[in-house]
Amino acid sequence: MAKQGDRPSATQQSLERLVRAGIRINAERELNRVLQEVADSARDVIGARSAALGVLNETGTGLGVFVPSGLTRDEHERIGSLPQGKGILGLLISDPRPLRLADLSKHPQSYGFPPNHPPMRSFLGVPITGRHGPIGNLYLTEKERDAEFTEEDETIAVMLAAQAAGAVENARLNEETQRLLGEVRTMQQSRDRFYATINHELRNALTAVYGWADLLIRRGTDLPRAAQEVYESAERTLTLLNDLLDLSRLDSSRLQPIVREADARQIVHEAIQAVLPAASERGIRLESTASADGGLNCRTDPGRVRQILINLLTNAVRHSPDGEAVTVELKPGEARLRIDVVDRGEGLTAEQQAVIFDAFVRGAGENERGTGLGLTLSRQLARLLGGDLRVQSGPGSGARFIVELARFLAA
């Protein structure tokens, strides 16, 4: 055991350099920088005049990338093209095992050096093997202060190659992740442009239809049912376009809440009034536990809360039997607001509940809930407002949609 004050042995020094090299290698994320760091570290740790890291090509039959270390720029330029994996380098590719040579020029598979290549005698090569097979090889030449590389050098090189394998795979994974993220961003931008264009063009076309239908209905007293259907269809389509645009903005984090002081009871009342005509037409009662007497202060985006409630109330009215009641229950807490919308409709199975908040997903039946966007949008808006939206239901027992929001949202 070394005493305090004793100088560390050469082996200890090599191991310490190996540890420091591993830290440097794994600190890099860009693939090219990882490869260069491995080559530089190997040369430093083992004590070689030059080193290189060769990465296999796609077929694994040659070198696709060759990263040298220890040669000057002038030497690079004089040598010309980099090795492709022939001779001794090719031997390591076909037979990926550590290889130590006192004089590589005497090996029967030595391919020789190109013109202007510096002389090299001693050689050490070890394979770099990842989780799915060989990645490449680590090469060292011209052992400093010794005639050839030792068995200890080989052991250290193997350990360094193992560290290099993990670092190279991580760097490749990082680059692939960045590439995929770039593709996703491009797709999102294309989708947003598509949504914006379709929204603009369809809105222009529908505005005139909706406006004339609205004018006819307001002025007429004995209009054909077709006029009412045109009006309702145009209104639903405009609502769908607005939902689609909001979803696009939410996905790209461009939709931000407009936070202000508000009255929760007033928000509930306004949402009920907006749905009241459709409910009255079928004799459905809209009941509320939110008393109109006395306000209930909160700080949120009242327009978005109202949008959520109108979506839920419209859905509840659509799926409630004629003459039944839909109830809105306001349950305030110190930090949270809970608003339940309860109907007495056909209810939902567990399978339906699993997909009901997914965009563009409907159940198999003709009377399944949702437009494919309304519930998805409502849940995302609730989360934007510091809360969430969930459902409690069962077949034949109606449905309870529960909205929970932050009562005092930070501006």
Side-chain angles (χ1 to χ4, degrees), residues 232 235-236 239 242-243 246 257-348 353 356-357 369-371 374-394 396-409:
E232 291 175 355
E235 186 177 44
R236 284 196 300 270
T239 300
N242 288 332
D243 289 350
D246 282 344
I258 302 174
V259 180
R260 61 181 178 84
E261 300 293 331
D263 182 349
R265 291 191 175 94
Q266 182 64 27
I267 296 173
V268 171
H269 175 73
E270 291 172 357
I272 290 174
Q273 292 302 307
V275 182
L276 190 57
S280 300
E281 187 176 338
R282 295 183 46 209
I284 294 174
R285 304 183 309 280
L286 298 180
E287 301 173 347
S288 174
T289 62
S291 171
D293 299 330
L296 180 62
N297 65 316
C298 62
R299 185 169 59 251
T300 186
D301 185 335
R304 295 303 180 184
V305 178
R306 189 162 48 246
Q307 183 178 357
I308 294 170
L309 295 179
I310 290 174
N311 275 339
L312 296 179
L313 285 167
T314 301
N315 199 46
V317 168
R318 184 184 303 122
H319 297 283
S320 291
D322 292 355
E324 266 291 358
V326 171
T327 305
V328 182
E329 301 174 359
L330 177 59
K331 303 176 180 180
E334 290 186 5
R336 311 286 289 176
L337 277 177
R338 172 171 165 169
I339 308 172
D340 293 10
V341 176
V342 186
D343 67 57
R344 281 89 175 167
E346 68 276 16
L348 294 162
Q353 292 179 52
I356 196 171
F357 294 109
R369 292 176 181 268
T371 63
L375 290 175
T376 304
L377 176 61
S378 295
R379 169 174 273 186
Q380 293 198 30
L381 288 174
R383 290 173 176 175
L384 180 70
L385 301 179
D388 208 344
L389 170 62
R390 66 182 190 276
V391 63
Q392 293 177 351
S393 184
S397 61
R400 176 183 292 268
F401 285 85
I402 302 168
V403 184
E404 286 190 298
L405 306 169
R407 182 169 175 179
F408 299 100
L409 193 65

As an exercise, state the distance from [atom1] of [X] to [atom2] of [Y], rounded to the nearest 0.5 Å.
| X | Y | atom1 | atom2 | answer |
| --- | --- | --- | --- | --- |
| Glu270 | Arg306 | CD | CZ | 4.5 Å |
| Cys298 | Ile267 | SG | CD1 | 4.5 Å |
| Asp340 | Arg400 | CG | CZ | 5.0 Å |
| Asp322 | Arg282 | CG | CZ | 4.5 Å |
| His319 | Leu348 | NE2 | CG | 8.5 Å |

Go through the side-chain N and O atoms of Gln307 and Arg304 and say whether any donor and acceptor fall under 3.5 Å apart.
yes
Using modelled atom types and a 3.5 Å cut-off, is there a donor and acceptor pairing between side-chain atoms of [X] and backbone atoms of [Y]?
| X | Y | value |
| --- | --- | --- |
| Ser320 | Gly345 | no |
| Arg344 | Ala325 | yes |
| Thr327 | Ser288 | no |
| Glu324 | Asp343 | no |

List the steps, then state whether side chain to side chain contact (heavy atoms under 4.5 Å, CB included) holds for Leu286 with Val317.
CA-CA 9 Å; Leu286 298 180; Val317 168; 4.0 Å; yes
Check this for me, if you would: do Arg390 and Glu404 make a salt bridge, where the nitrogen-to-carboxylate-oxygen distance has to be below 4.0 angstrom?
yes
Which heavy atom of Val259 sits nearest a heavy atom of Arg299, and at what distance?
CG1-CG, 3.5 Å
Tell me the closest heavy-atom pair linking Ala274 and Ile310, and the distance in Å.
CB-CD1, 3.8 Å
Going through the distances and angles, do Leu296 and Leu337 end up as a side chain to side chain contact (heavy atoms under 4.5 Å, CB included)?
CA-CA 10 Å; Leu296 180 62; Leu337 277 177; 4.1 Å; yes
Minimum side-chain heavy-atom gap [X]-[Y] below 4.5 Å:
| X | Y | answer |
| --- | --- | --- |
| Leu405 | Arg336 | no |
| Glu334 | Arg407 | no |
| Ile284 | Val326 | yes |
| Leu389 | Leu312 | yes |
| Arg265 | Val268 | no |

Is there a side chain to side chain contact (heavy atoms under 4.5 Å, CB included) between Ile272 and Glu287? Walk through the geometry before answering.
CA-CA 9 Å; Ile272 290 174; Glu287 301 173 347; over 6 Å; no
Could you walk me through whether Val403 and Val341 pass the side chain to side chain contact (heavy atoms under 4.5 Å, CB included) test, one step at a time?
CA-CA 8 Å; Val403 184; Val341 176; 5.7 Å; no
Identify the residue among Leu375, Leu309, Val342, Ile308 that makes a side-chain contact (heavy atoms from CB on, under 4.5 Å) with Phe401.
Leu375
Passing candidate, side-chain contact (heavy atoms from CB on, under 4.5 Å) with Arg379, options Asn311, Leu384, Ile356, Asp388:
Asp388
Test salt bridge (Lys or Arg N to Asp or Glu O under 4.0 Å) applied to Glu329 and Arg338, step by step
CA-CA 8 Å; Glu329 301 174 359; Arg338 172 171 165 169; over 6 Å; no
